[in-house]
K.L.:
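Let me begin by handing over the structure; questions about it come next.
One-based numbering along the sequence shown.
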Amino acid sequence: MNTTPSKTTTPSTTTPPAGTTDPAEGAADAVTEDATGQDTTGQDATAKDPLAKDATGTPSEAADAADATTASDDLADQSAEADDADDEDLEPDPFTEARHGVGAGAAAVVSAALGVVALTGAWTGRVAAERETLIGQIKTSGGGSAAQQISEIYGDAWHTTALVNGVFAVLALLVGVFVLVRPAFGVPSERPQPAWVRAVALAGVALGALGVLISVGMYFDLFAALPTAGAPAAG
């Protein structure tokens, strides 16, 4: 029977050479990394290199998305401002509407009024006729024939009245024609001439033309001739 005690093997406690890594420590580090679920090596690399995130593309895509959103907002604001400006341009200005056609309307009314005066006569015509009558009486006061008295006292007054009325008729005709042809000349207007302005101007033209015809007929004794004195009876 062998009484020699058995030799037990003990683990080597020899220190590993410098510059080498203990396998046990590497295993412990791996276990620690697996247990925590975090990669400290990647975090250190990211902290040391801030541009690493740009390589992944996440921050750059976020910045691009923010810029695109800002640009779309600016375009929307500009579009809204343009729409508002267009609405303001399309909306008629009440003061502009009130001023439009005022001058033409006033001229048309004046034309019609002058036409009425040309047909009915004016105080200026009466004054001129009375003056001619007075002048005729003065000329024939010293004596004159009956025909001369008719011509000087009655005929001249008649013709003067026709002349004054004819002047009013011509003015009515010219003003009415000017109102009607005014839109065809000068700066074109954005709005057409109001219908009532054209109607009144046409009335002035018609009255003026009629007044001219009557005045010409009266002046040249076309409608009624001057009275004539009968021959004196033989004594």
K.L.:
Treat each ILVMFWY residue as a node, draw an edge where side-chain heavy atoms are under 4.5 Å apart, and state whether V170 and V167 are in one component.
P.N.:
no
K.L.:
With clusters defined by side-chain heavy atoms of hydrophobic residues (ILVMFWY) lying less than 4.5 Å apart, directly or transitively, does V117 cluster with V164?
P.N.:
yes
K.L.:
Running the 4.5 Å side-chain criterion over Ile, Leu, Val, Met, Phe, Trp and Tyr, what cluster does I138 land in, apart from itself?
P.N.:
L134
K.L.:
Could you list the cluster mates of V127? Members are the ILVMFWY residues connected by side-chain heavy atoms closer than 4.5 Å, either directly or through other members.
P.N.:
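Via sub-4.5 Å side-chain contacts, V127 links to W123.
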K.L.:
Would you say R198's side chain and Q193's backbone share a donor-acceptor pair under 3.5 angstrom?
P.N.:
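At least one qualifying donor-acceptor pair exists.
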K.L.:
Take V197 and V179, measure what side chain to side chain contact (heavy atoms under 4.5 Å, CB included) needs, and give me the verdict at the end.
P.N.:
CA-CA 8 Å; V197 173; V179 173; 3.8 Å; yes
K.L.:
Once ring pair (Phe, Tyr, Trp, His ring centres under 6.0 Å) is applied, do any residues pair with Y219, and if so which ones, sequence neighbours excluded?
P.N.:
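Listed in chain order: H159.
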K.L.:
Hydrophobic cluster membership, with links at side-chain heavy-atom distances under 4.5 Å among I/L/V/M/F/W/Y: are V175 and F185 in one?
P.N.:
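Each belongs to a different hydrophobic cluster.
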K.L.:
Under the side-chain contact (heavy atoms from CB on, under 4.5 Å) rule, collect the residues that match up with A118, sequence neighbours excluded.
P.N.:
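Expected list: F168, A169.
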K.L.:
Does V181 share a hydrophobic cluster with V205, counting links as ILVMFWY side-chain heavy atoms below 4.5 Å and allowing steps through other members?
P.N.:
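Yes, same cluster.
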K.L.:
Between CD of Q149 and CD of Q137, what distance do you get to the nearest 0.5 Å?
P.N.:
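Answer rounded to 0.5 Å: 9.5 Å.
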K.L.:
Is a side-chain donor or acceptor of S215 paired with a backbone partner of G211 at a separation under 3.5 angstrom?
P.N.:
yes
K.L.:
Ignoring hydrogens, what is the shortest heavy-atom contact between A172 and S111? Give both atom names and the distance.
P.N.:
O-OG, 2.7 Å
K.L.:
Where do A128 and T160 come nearest, in terms of heavy atoms and distance?
P.N.:
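Smallest interatomic distance, heavy atoms only, reads CB-CG2, 3.3 Å.
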K.L.:
Which value, rounded to the nearest 0.5 Å, describes the distance between L163 atom CG and M218 atom CE?
P.N.:
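Answer for the CG-CE pair, L163 versus M218, is 10.5 Å.
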K.L.:
D221 and L226: side chain to side chain contact (heavy atoms under 4.5 Å, CB included), yes or no, with the steps?
P.N.:
CA-CA 7 Å; D221 299 332; L226 291 175; 3.9 Å; yes
K.L.:
Using side-chain contact (heavy atoms from CB on, under 4.5 Å) as the criterion, list what pairs up with A157, not counting sequence neighbours.
P.N.:
A129, E132, T133
K.L.:
Rounded to the nearest 0.5 Å, what's the gap from CZ on R182 to CG on L180? Could you check?
P.N.:
13.0 Å
K.L.:
Which residue, L171, L207, L174, forms the side-chain contact (heavy atoms from CB on, under 4.5 Å) with L114?
P.N.:
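The option that passes is L171.
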K.L.:
Under 4.5 Å between any side-chain heavy atoms of T140 and I153, yes or no?
P.N.:
yes
K.L.:
Grouping I, L, V, M, F, W and Y whenever their side-chain heavy atoms are under 4.5 Å apart, do V109 and V177 come out in a common cluster?
P.N.:
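Result: no, two separate clusters.
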K.L.:
Applying side-chain contact (heavy atoms from CB on, under 4.5 Å), can you list everything that pairs with A209, at least two apart in sequence or on another chain?
P.N.:
L173
K.L.:
Can you tell me how far the CG atom of L222 sits from the CD1 atom of I214, to the nearest 0.5 Å?
P.N.:
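So the gap between those two atoms works out to 12.0 Å.
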